[in-house]
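Here is how names work: the chains are called A, B, and so on, in the same order as the sequence lines, proteins then strands, and each is numbered from 1.
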Amino acid sequence: MLEFTQSPHNDRETLFVEVILPLAIAKNYTYRVPYEMNASVMVGKRVVVQFGKSKLYTAIVASIGKLAPEKYEAKYIIEVLDDRPAVTHEQLHFWQWLAEYYMCNVGEVMNAALPSALKLASETKIELNKGFDFDKSALHDKEYLIVEALDIQPELTVSDITKLLGQKTVMPILKGLFEKNIIHISEEVSERYKPRTRTFITLNPVYNNQESLRELFTILEKRAPKQADAVLAYIKLSRHQKSISKTELIEESGAGAASIKSLEEKEIFIAEEKNVSRLFYEDDEIYESFELSEHQQSALFQVKKEFDDKDVALLHGVTSSGKTQIYIRLIEEMISTGRQVLYLLPEIALTTHIIERLRVYFGANIGIYHSRFNDGERVEVWQKVLNNEYKVILGARSSVFLPFNDLGLIIVDEEHETSYKQYDPAPRYNARDAAIFLANMHQGKVLLGSATPSFESYYNARIHKYGFAELTERYGGVKLPEIEVVSISEETKKKTIQSHFTSVLMGDINQAISNKEQVILFQNRRGYAPILMCKICAYTPKCINCDVSLTYHKSSGKLHCHYCGYKEDTPQICPACGSTHLEYKGFGTEKIEDELSILLPDARIARMDLDTTRSRNSLQAILNDLEEKKIDILVGTQMVAKGLDFADVTVIGIINADSLLKFPDYRANERSYQMLSQVSGRAGRRGKQGKVVIQTYDPGHRVIKQVIENDYVDLYLTEMEERRSFRYPPFYRIIKLDIKHKDPEIVQHQSNYLAKELQKQFGERVIGPEPPLINRIRNYYIQSIMLKFEKDSISISKAKAIIRDIITQFQTTKLSKGSIIQPDVDPY
DNA sequence: AGCACGCCGACT
DNA sequence: GTCGGCGTGCTC
């Protein structure tokens with residue numbers, strides 16, 4: 001048995017370490033520690049090891065022991081990379097739990113957890129073994145070629161040799177040369193992370209008085225006006241900031257880099273390279289104070305009371321009820337006791353203004369971590385958390401992997417957001433649930449906050465597993481928006497509807513525009529028209545990969561598949577019958593934008609959906625335009641429901657609510673309610689009550705009623721009833737197995753077979769393979785099998801162990817043929 | 001995840 | 001005959 005230890009070892013004993021490799025392998029591997037590394041090797045440190053023929057990997061030491069493995073000869077550790085552990089004991093425990101819970105390998109968790117700059121690049125280099133004489137004529141052609149090349153260039157990488165020989169398999173040849181002692185294989189691992197430096201400019205202190213400065217100007221203005229501009233810009237900038245970077249100066253002055261350079265040469269400017277933080281320029285520390293309202297006070301009190309005997313509390317607060325201020329109070333209290341706080345937000349909500357708002361309160365104490373950060377920035381945050389330099393971390397789901405050492409509180413804002421769940425590469429984890437485990441490990445508390453809590457969390461609050469607090473009033477006495485439901489069929493009958501806009505909605509839009517207020521129109525579908533259909537033979541173009549109908553995009557003039565991204569030209573004549581009567585059916589944001597601009601030619605209309613926000617800064621650009629009131633009407637998809645806190649929007653129009661009322665999955669009611677109330681919640685800010693117009697063919701729909709009455713309890717009760725009868729969470733736990741392969745027949749065969757195997761163990765808990773039709777995504781065919789366990793009937797970990805067993809057995813049978821089985825636990 | 005080995009079909 | 005395709009199994 002291997003033991004955990006932290007104390008340095010003496011150099012006599014032989015140590016072995018078990019390491020976690022950043023690969024999808026089931027086991028940890030054991031390596032031997034060279035004596036000289038005995039003192040430096042520690043659990044949590046990164047080590048470089050050779051794994052397989054020639055690959056080097058950065059691995060994490062999981063445990064240290066003294067027993068030599070019996071069945072094989074352990075390889076030596078090549079290098080210990082850290083002076084002190086890069087990963088804490090808590091993290092290792094957390095990784096282990098995550099791997100177990102989400103049925104993946106620890107290596108996969110490691111991959112998700114460590115910024116890739118902390119893993120290292122491996123470049124295998126080949127050199128001639130100098131001082132060794134050999135007979136060149138005894139070599140094969142290829143060996144000779146390699147030796148010749150090495151005579152010219154002393155160092156070649158394996159990929160160089162691959163190119164040189166024009167073949168893929170070079171390893172056997174190199175192995176031969178290596179065994180003949182002709183070449184030398186040196187493996188070099190280089191650190192990828194380098195701190196960022198930036199050039200800062202200061203004015204030579206000689207010019208710190210008015211007189212000499214004026215003198216300088218008169219000289220420069222005549223001879224080099226650009227340089228004078230640069231000096232001027234410097235003085236202007238120096239009024240507001242302490243340090244001025246070269247880039248800023250070039251930007252501000254309009255002078256070129258050459259002008260600055262000659263000023264440096266004349267020693268008027270002094271340039272200095274400084275290591276800068278990749279994150280923020282730590283200058284301003286502004287404090288702003290606010291008072292909690294009475295409602296907020298009592299909600300805060302309630303949360304704290306719940307924390308007395310519960311580890312998790314749910315804060316249900318309507319939109320703009322001031323949840324953030326409650327979070328801030330809790331964070332302040334927590335950091336005053338010296339403990340750390342993690343504030344989780346969905347990626348999309350991590351917009352600059354939220355970050356700024358929090359930075360105002362916490363200044364340099366706050367660290368930010370999300371996917372748009374590059375690797376250098378991530379490593380920097382990682383190191384600072386490890387050093388306890390940050391007290392508060394604001395981040396997206398991956399920030400649960402940071403090396404906290406004393407986490408007192410985790411806030412999961414917008415707790416219901418599905419983007420907390422990672423799907424594509426394993427680990428398929430939900431950061432909200434992982435956060436609860438993480439906090440538990442640190443004996444910290446978790447606050448889940450949402451205006452539309454997920455049913456799992458709401459359920460847990462109702463059964464008093466979680467604490468519960470509520471905020472039913474908007475902050476600052478702002479009233480909840482007035483909601484008007486308009487029947488589309490009625491307006492159609494009365495002929496008062498203009499294209500997709502009812503008279504009620506048009507009235508409100510015009511009203512808002514004349515009041516210089518803004519409008520958001522919501523249509524849950526991008527593109528121009530979701531279906532193109534031949535009027536004669538009813539043919540519709542389908543995606544060649546996914547078999548779903550293609551959406552017409554007017555902006556590109558092409559048909560797009562919203563599933564896989566496939567595009568094709570729009571046919572002018574029907575490919576099936578040759579008729580020219582092709583018709584667009586249905587409508588998306590593009591069409592709404594189009595038709596609205598005809599009806600309201602003077603309005604400034606913008607569109608916000610996946611297509612207009614694809615590039616890096618376009619989302620921010622739209623948000624800025626909205627804030628600067630350069631936009632009157634914004635047409636958008638679900639995207640508009642999120643992160644638009646500051647917009648001065650009074651009217652929200654839901655073009656057709658019906659698409660929101662019938663989601664195909666089991667979360668139908670929950671999602672409908674969430675979408676409707678999130679969109680509605682955007683209406684009315686800054687002291688003005690908003691108006692929401694819901695256009696629908698089904699004005700009496702139960703969820704619409706629930707949204708209008710803000711009746712979460714009623715929603716909860718109906719939803720629970722449905723879930724119980726259809727075997728869904730929270731009464732059931734779901735494990736989904738995805739079978740993925742390039743060949744659909746294999747997928748079919750495999751999933752049927754696997755389902756049969758699982759049925760032997762779990763009987764009718766096995767549902768599927770479903771859907772009956774195989775899904776195709778990109779180049780893969782996917783089919784799922786679901787296992788639904790009544791919540792308290794069988795130990796889930798036992799069930800997982802059995803499933804894991806079946807999968808491994810299954811994969812070793814001849815049937816497998818390389819198909820991939822990915823388990824997904826509790827898919828939300 | 002790589003990478004080698006082994007088995008097949010298609011080429012100089 | 002060998003090159004390269006893919007399927008399979010192993011890596012401390």
How many whole angstroms separate atom [atom1] of [X] from atom [atom2] of [N]?
| X | N | atom1 | atom2 | value |
| --- | --- | --- | --- | --- |
| L21(A) | dC10(C) | CG | P | 17 Å |
| F51(A) | dT11(C) | CZ | P | 8 Å |
| K75(A) | dT11(C) | NZ | P | 9 Å |
| H741(A) | dC6(C) | NE2 | C1' | 10 Å |
| Q822(A) | dA1(B) | CD | P | 9 Å |
| E18(A) | dT11(C) | CD | P | 16 Å |
| Q50(A) | dC12(C) | CD | C1' | 11 Å |
| I20(A) | dA1(B) | CD1 | P | 17 Å |

Can any side-chain N or O of R397(A) pair as donor or acceptor with the backbone N or O of S419(A) at less than 3.5 Å? yes
Validation: residues 104-113 of chain A side-chain donor-acceptor distances under 3.5 Å, sequence neighbours left out:
from    : atom 1 : to      : atom 2 : distance (Å)
N105(A) : ND2    : E108(A) : OE1    : 3.3
E108(A) : OE1    : N105(A) : N      : 2.9
N111(A) : OD1    : K119(A) : NZ     : 3.1
N111(A) : ND2    : P22(A)  : O      : 2.9

Who are the salt bridge (charged side-chain N to carboxylate O under 4.0 Å, His left out) partners of E90(A), not counting sequence neighbours?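 Not a single residue meets the salt bridge (charged side-chain N to carboxylate O under 4.0 Å, His left out) criterion with E90(A).
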Check for me whether R765(A) meets the cation-pi criterion with F789(A), that is, NZ or CZ under 6.0 Å from the six-membered ring centre and within 45 degrees of the ring axis.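 The answer is no; the distance or angle limit is not met.
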Give a yes/no answer on whether the side chain of Y57(A) brings an N or O atom under 4.0 Å of OP1 or OP2 in dG2(B). yes
Examine dC12(C): is either OP1 or OP2 under 4.0 Å from a nitrogen or oxygen in the side chain of Y31(A)? Give yes or no.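 Indeed, a polar side-chain atom of Y31(A) lies that close.
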Would you classify K27(A) as touching base, sugar-phosphate or nothing, given that sugar-phosphate means primed atoms plus P, OP1 and OP2, and contacts are heavy atoms under 4.0 Å?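 Since a base atom lies under 4.0 Å of K27(A), the category is base.
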